[in-house]
Amino acid sequence: MNRLAGLVLAFALSLAIPSPAAAQDKSLTIFAAASMKNALDEIDAAYAAKRGAKITVSYAASSALARQIEQGAPADIFISADTDWMDYAIGKKTINEPSRVNLLGNSIVLIAPKDSKIDHVNIGPGFDLAKLAGDGRIATGDVKSVPAGKYAKAALEKLDAWQAAEPKFAMAVDVRAALTLVARGEAALGIVYSTDAKVEPGVKIVGTFPADSHPAIIYPVAATTTAKPEASDYLVFLRSIAAKAIFEKYGFKFLVSPST
């Protein structure tokens, strides 16, 4: 009888006390704009080492990620490459709005394959992108949905270069796909973020679009409405001095005052 009572007590305690594995289960799922991959991978490695957490990241166009979250995809954090898609997610009630922070800035540049004869292009009023591309294609993200493509179209419209160049555009599913097209020589030119160009040895920057030719490039970050409690700590880390150093190493502009 005493043995039976002991077994019952042991079973009850096993239910009440989390197992070591459960106690250490600090996992987070991050949905982040494709352009953030190199910098965020390094930041996540630093965070995982410091907190003992497991970080899983899904990289894609901000538009695709926002819609996946809307459809119920399990994500704790959303980092968009523009404010429009974060606003969209907030409108769909999938984002914890008070947690939102405009974290990073960026710029868009004109790139060409590394061995291209095109070099040092002055981008300004009268800029003839169509002529510059010749018979080649121009790669960027889909201008209807992908932030990089939207910024590119806005800049070219401002510079009166869009109408002539539009037929030559190859629209990619995200900015990294556009970067790859240029690196492989499948497109003569591309419009991507400066941070993308810096991590791809197969391309070179041949020009930078004026900041006033397109809306400010802002990367907002926020927790989702279904986020785990650990998400708040991750958001704090993204604002840390350590994260700032990594983001800036990759060319991002840090838009907030860093926390210690």
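Numbers here are sequence positions counted from 1.
- Hydrophobic clustering of Ile, Leu, Val, Met, Phe, Trp and Tyr side chains at less than 4.5 Å, counting indirect connections, unites L129 with W162.
- Note that OH of Y59 and CD1 of I79 are 8.0 Å apart. Values are rounded to the nearest 0.5 Å.
- Under a 3.5 Å cut-off, the side chain of D76 and the backbone N or O of K228 do form a donor-acceptor pair.
- Cluster membership for V206 and L181, using ILVMFWY side-chain heavy atoms within less than 4.5 angstrom, is not shared.
- Judged by distance alone, the side chain of S80 and the main-chain N or O of T83 form no donor-acceptor pair under 3.5 Å.
- Side chain of T94 to main chain of E70: no donor-acceptor pair is present (N/O by atom type, distance under 3.5 Å, no hydrogens or angles).
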Margin query: L132 vs V121, test: side-chain contact (heavy atoms from CB on, under 4.5 Å). Steps then yes/no.
Written below: CA-CA 9 Å; L132 188 66; V121 177; 3.8 Å; yes
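- Put simply, the side chain of T56 does not reach to within 4.5 Å of the side chain of L28, judged on heavy atoms.
- In this structure, a donor-acceptor pair under 3.5 Å is absent between the side chains of N102 and Y219.
- Contact of the P220 side chain with the L103 side chain is not registered, since no non-hydrogen atoms from C-beta on lie closer than 4.5 Å.
- No more than 12 heavy-atom neighbours from other residues, nucleotides or ligands sit within 6.0 angstrom of CG on N122.
- Taking the side chain as every heavy atom from C-beta outward, F247 and M36 approach each other to under 4.5 Å.
- Looking at every heavy atom in both residues, A178 comes nearest to G141 through CB-N, 4.2 Å.
- Here the straight-line distance linking atom CD1 of I69 with atom CD1 of I77 works out to 9.5 Å at 0.5 Å rounding.
- Across all their heavy atoms, A188 and A133 have their closest contact at CB-O, 4.1 Å.
- Applying the 6.0 Å contact sphere to CD of E97 captures no more than 12 heavy atoms from other residues, nucleotides or ligands.
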Item to complete: Given side-chain contact (heavy atoms from CB on, under 4.5 Å), test E248 with F254 step by step and report yes or no.
Response: CA-CA 7 Å; E248 291 182 340; F254 208 67; 3.8 Å; yes
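- In this structure, N38 and D41 have side chains that are not in contact, with every pair of non-hydrogen atoms separated by 4.5 Å or more.
- Taking hydrophobic clusters as Ile, Leu, Val, Met, Phe, Trp and Tyr residues chained together by side-chain heavy-atom distances below 4.5 Å, V256 shares a cluster with L40.
- The pair K37-D196 does not meet the salt-bridge criterion, since no charged nitrogen lies less than 4.0 angstrom from a carboxylate oxygen.
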Test V173 against D142 for side-chain contact (heavy atoms from CB on, under 4.5 Å), laying out the working first.
-> CA-CA 6 Å; V173 294; D142 190 327; over 6 Å; no
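- Once rounded to the nearest 0.5 Å, the distance linking CE of M86 with CZ of R100 reads 6.0 Å.
- The closest donor-acceptor contact from the side chain of D82 to the backbone of W85 lies under 3.5 Å.
- Residues L110 and I123 form a side-chain contact, since some pair of their non-hydrogen atoms from C-beta on lies under 4.5 Å apart.
- To the nearest 0.5 Å, atom CD1 of residue I90 and atom CG of residue N96 are 9.0 Å apart.
- In summary, E230 and K26 do not engage in a salt bridge, as defined by a charged side-chain N under 4.0 Å from a carboxylate O.
- No donor-acceptor distance shorter than 3.5 angstrom exists from the side chain of S27 to the backbone of K54, with no hydrogens or angles considered.
- Taking all atoms of both residues into account, the shortest heavy-atom contact from V143 to G149 is CG1-O, 3.3 Å.
- Here the closest heavy-atom approach between residue A197 and residue I205 is recorded as CB-CG1, 3.5 Å.
- Annotation: side chain of V203 is not in contact with side chain of K198 (no heavy-atom distance under 4.5 Å).
- Using a 4.5 Å heavy-atom threshold, the side chains of L156 and I191 count as touching.
- Residues F209 and Y151 keep their aromatic ring centres 6.0 Å or farther apart.
- I30 and L65 are members of different hydrophobic clusters when ILVMFWY side chains are connected at heavy-atom separations under 4.5 Å.
- Looking only at atom types and distance, the side chain of S107 has a donor-acceptor partner in the side chain of S194 under 3.5 Å away.
- Rounding to the nearest 0.5 Å gives a distance of 5.0 Å between CG of L179 and CD1 of I111.
- Looking at every heavy atom in both residues, A34 comes nearest to D174 through CB-CG, 3.9 Å.
- Atom OG1 of T195 is separated from atom CG of L104 by 9.0 Å, given to the nearest 0.5 angstrom.
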Does the pair D233 and Y47 meet the rule for a side-chain contact (heavy atoms from CB on, under 4.5 Å), with working shown? CA-CA 10 Å; D233 183 63; Y47 181 80; 2.7 Å; yes
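- Here the side chain of Y193 pairs no donor or acceptor atom with the backbone of S35 at under 3.5 angstrom.
- Of the possible polar contacts, none joining the T208 side chain to the V109 backbone as a donor-acceptor pair under 3.5 Å is found.
- Aromatic ring centroids of F78 and F31 lie 6.0 Å or more apart.
- K50 places no side-chain N or O within 3.5 Å of a backbone atom of F237 that could act as its donor or acceptor partner.
- A donor-acceptor pair is defined here as one N or O able to donate and one able to accept, closer than 3.5 Å; no such pair exists between the side chain of R239 and the backbone of P258.
- Chaining together hydrophobic side chains whose heavy atoms lie under 4.5 Å apart places I218 alongside L255.
- Minimum heavy-atom separation, T226 to A75: OG1-O, 3.7 Å.
- One hydrophobic cluster holds both V101 and I217 under the rule that ILVMFWY side chains link at heavy-atom gaps under 4.5 Å.
- A salt bridge does not link E166 with K153: every distance from a Lys NZ or Arg NE/NH1/NH2 to an Asp or Glu carboxylate oxygen is 4.0 Å or more.
- At a threshold of 4.0 Å, the pair D84-K150 counts as salt-bridged, since one of the basic side-chain nitrogens sits closer than that to a carboxylate oxygen.
- Distance alone, capped at 3.5 Å, is enough to place a donor-acceptor pair between the K168 side chain and the A130 backbone.
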